[in-house]
Every structure is written in structure tokens, then in C-alpha cells.
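So the structure is just underneath, and the comments pick up after that.
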Number of protein chains: 2
Amino acid sequence: MGDDATAKRRGSYKSSELVRGRLIDAAIIEFATHGFEGSSTRAIARRADAHQPQINYHFESKEALWYAVMDRMMEEVDEHLDNDETEIKAMIEHLIRGLVRFAAARPELNRMMIHEASAPSQRLTWLIETHIRPRYDLFIAGWIELREAGVARDVPPELAYHLMIGAASLLHANAPEVEQLIGITPSDPATVQAHADTMVRLFLND
Amino acid sequence: MGDDATAKRRGSYKSSELVRGRLIDAAIIEFATHGFEGSSTRAIARRADAHQPQINYHFESKEALWYAVMDRMMEEVDEHLDNDETEIKAMIEHLIRGLVRFAAARPELNRMMIHEASAPSQRLTWLIETHIRPRYDLFIAGWIELREAGVARDVPPELAYHLMIGAASLLHANAPEVEQLIGITPSDPATVQAHADTMVRLFLND
DNA sequence: GTCTATAATTAGATAGAC
DNA sequence: GTCTATCTAATTATAGAC
């Protein structure tokens, strides 16, 4: 170790990971804005300051890049929603506030979700079975427990997930519309705070 | 009148309007599913049982077709939300139930809105100024009045519109996901009813 | 690993016969 | 108004020099 070959391998490896990461970052923006079909690998590469064929080098295909993007987004959700509360009401309140904060910080996930969830597809099936169902099951179990404890308002479990995510995310997913229509910046900390407070009031009993 | 030329003109006119309507119907589905850039005029024409150049004949361009689609969708919203209630609480309850019913019947509008509202564009600006702002202004004026009357729950006016639409529409915009994940059909009358009931409970005081 | 060149396919739009 | 054929430009992916 320490010879030229090792140094070169290390250097190349590091550089490769950097480009790979930049391509994922760029793809998140493009896929969220234009959808999978509407995004071009050239635009992704340009945004990542890379060349278009590097996508096929670092990933198997445009589709493989999309899967890598989703894996990354889901890691980020989990970091945002990480929860060490033990009391049940504090936990759900923490979750609701986390949902709003994440929607504001990363509107791209909700945008991508709507693009993909609009029609059945292999990508949607993979997304549901790999990433969504485990998280959904946890959420629903918690919601039912909260309903029984009288903490949650009267929202049927099979509707709760999408009502809550819809109310938490549209303001941020549609941020460009909101800014032009209403004149507020949805990602402003004060707006996020007011939004989270409102969500807690709406979905939890006093 | 009544001569061959007139008959032919009449026949052609009727046929032309029919094709034009079918192209708009088809474009609604395609634009909602794949976004503007992701939709191909060939796919739209195929779905309308027409030929691809007929789009450029009946509309100036793919973009002109998109504008015609939005005009049509907005006409449909207004029909769905048409309201002859006079009492203020009955009016907002009618509106909320109408929002849910429309989202279920025509998930395409909400899908298109998210596609377009994700990034600034000429299309988004036109959509806001032509169609959204007048309806938004009416909604907000009503919401403020309701807040003062103590009928509406404590949701700030600048958040109310997107919270309500988000909660009303995501379940239906993401219907394919919901069916696979939860196993319910969001457009089922019983589900729509339960969804509307829940929305009224969430956003209005008892 | 990068980057130029390019192959193969598909896109939106148009020409012109009917 | 319709429909075939086609133009130009853009797309994903690959070949091969470096």
C-alpha cells in the first residue's frame, strides 16, 4: 500500500463517488421537475457538471439512476423523521412536524411521488413494496393506537396517511405556484412553523 | 343553404369538433400521467383514434393543445363546485364535499397542477393569472369570513387553500398507489363519502 | 474514469396528395 | 379535414481513443 497504483485507485474511487453523488443530486431536481420521461440524461449530466455518457457508466441506465435517486430520497426521509420520543402524543406530534419540515426542505420527493403514483408501472410497484409499505405499516399501526387513546382526531386509518401527507406537502410541492399566487415563501422557517402548528391542531385533539 | 356545399361544411364542422374534443380528452389523460414534456403528440393522437398531424391542424401546437386542455378542466371544476347554498356554513361544507368529489372524478387536474406548479414557467404563470387567482381570491374571502364567524377551524388563510386541496386530492391523484398499497379504490362512492365527511370534520368546527 | 463521436430511436412539426 | 411521408432536432445508449 502507499504505492502509485493504490493512490491512483483511491483517488479514482473518491472521484468516482463524487461524480456519482453529483449525478444523483442533479437527477433529483430533474426527475422532480419534469418526471421520468420528461427528464433528459443530457440535462441531468449538465446540471451535475458531467458528460451525458457518464450516466451510463456510473449507472446501468436512466432507469437505474432513478432507482438510486429513490433510495437516496428515502434515506433522507428516515433521517428527517428519526424519532426518540417515547410518549405517544409527543411521538406523533414530532412525526407531523417532521413531515412538514421534510416537505419544505425536500419538495422533490413529493413531486416525484405524484409523478410516479399517477399510473401503474414497474417503478411504482418497486417503490411501494421496497420503500413505502414498511413505512406505511408503521404509520398506520401508530395511528390506530392513537385513535384508541383518543389523541388522534376521527380520521379513518385507510385515509389518514394520504390526508396528512397531502396537507403537509402540497404547499411545498407547489412552491413556485404558491410564491406567485400568494406571495409567501413556503420554505421560510416562520411559514414552516405555522404550517406544522396548524397540522398538529388539525389532526390531534387538544 | 341545404346545397351540397353547406351539407358538407356542416358535416365537416361537426366531425372537426368531434375530433377536437377527442384530442382534448386524450391529452388530459396523457398530460396528467406523463407531464407536458413527457407526453408525445403521437400517444395523444393514438389515444384519440386520430393521426398525429391532426394535432397541429386542430391546434396550433402541442402547447396550444395544453392550454385548451386547461380551459376545459377549469370549466369542469366550476360545474362541480357550482353552489346555490346561501347559509355560510352550508356553502363551505358544499364546497369541501365538491372538492373531494371532483378530485375523485377528475384526478387529472390535480396531477397536471403538480406537474406544472413544480417549476416556474410561462404555462404556470398563464394558469395562475387566468384561472387560479380569481378562484383563489373567492376562496380566501370566504375563508376569512368563516374564521370570523367561528365556523372554520384555526387555519391561516395563506395556508388554507393548499392544505385543503392537498388533503382532498392526494388520495385520488395517487389512486394507483393507494389501490396497490392500501387495497381500497379511492373513487368508490363510499370512500368518497367517508373522505368528504372526514374533511368536513377536520376543517370545520362542530 | 473521462470525453468525443456517433449509432439508433423518437420527438414535434410540415408538405402535399387526396 | 384526413393521412402518408418526411424533415429537423432531440433523445438514450454505445464505441473507442485517451
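Lettering follows sequence order; numbering is per chain, from 1.
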Distance check needed: [N] [atom2] versus [X] [atom1], whole Å only.
X	N	atom1	atom2	value
B:L18	D:dT2	CG	C1'	15 Å
B:I55	C:dG12	CD1	C1'	9 Å
A:H34	D:dT11	NE2	C1'	15 Å
A:H58	D:dA13	NE2	P	15 Å
A:Y57	D:dA15	OH	P	15 Å
A:F59	D:dT14	CZ	C1'	18 Å
B:E63	C:dA11	CD	P	18 Å
B:H51	C:dG12	NE2	P	17 Å

Evaluate the ring planes of B:H115 and A:H115, with Trp represented by its six-membered ring, and classify them as parallel (under 30°), tilted (30 to 60°) or perpendicular (over 60°).
-> tilted

**OP:** Quick one: sort the B:W66 and B:F36 rings into parallel, tilted or perpendicular, breaks at 30° and 60°.
**Re:** perpendicular

Among [options], find the nucleotide with the atom closest to the side chain of [X].
X	options	result
A:P53	C:dA5, D:dT2, C:dG12	C:dA5
A:N56	C:dG12, C:dT2, D:dT14	D:dT14
A:K62	C:dA13, D:dA13, C:dG12	D:dA13
A:S40	D:dA13, C:dA11, D:dT11	D:dT11

>> One pair to check against side chain to side chain contact (heavy atoms under 4.5 Å, CB included): B:I92 and B:F203. What are the steps and the verdict?
In response: CA-CA 10 Å; B:I92 186 76; B:F203 285 95; over 6 Å; no

If you compare every side-chain N and O of B:Q52 against the phosphate oxygens of D:dC3 (OP1, OP2), does one of them come in below 4.0 Å? no

Checklist entry - Between B:Q54 and D:dC3, is there a side-chain N or O to OP1/OP2 distance below 4.0 Å? => result yes

- request: Please report the C-alpha distance between B:H172 and B:F102 in whole Å, then the side-chain angles of each, then the deciding distance to 0.1 Å, and finally whether the side chain to side chain contact (heavy atoms under 4.5 Å, CB included) criterion is met.
  value: CA-CA 9 Å; B:H172 307 285; B:F102 180 77; over 6 Å; no

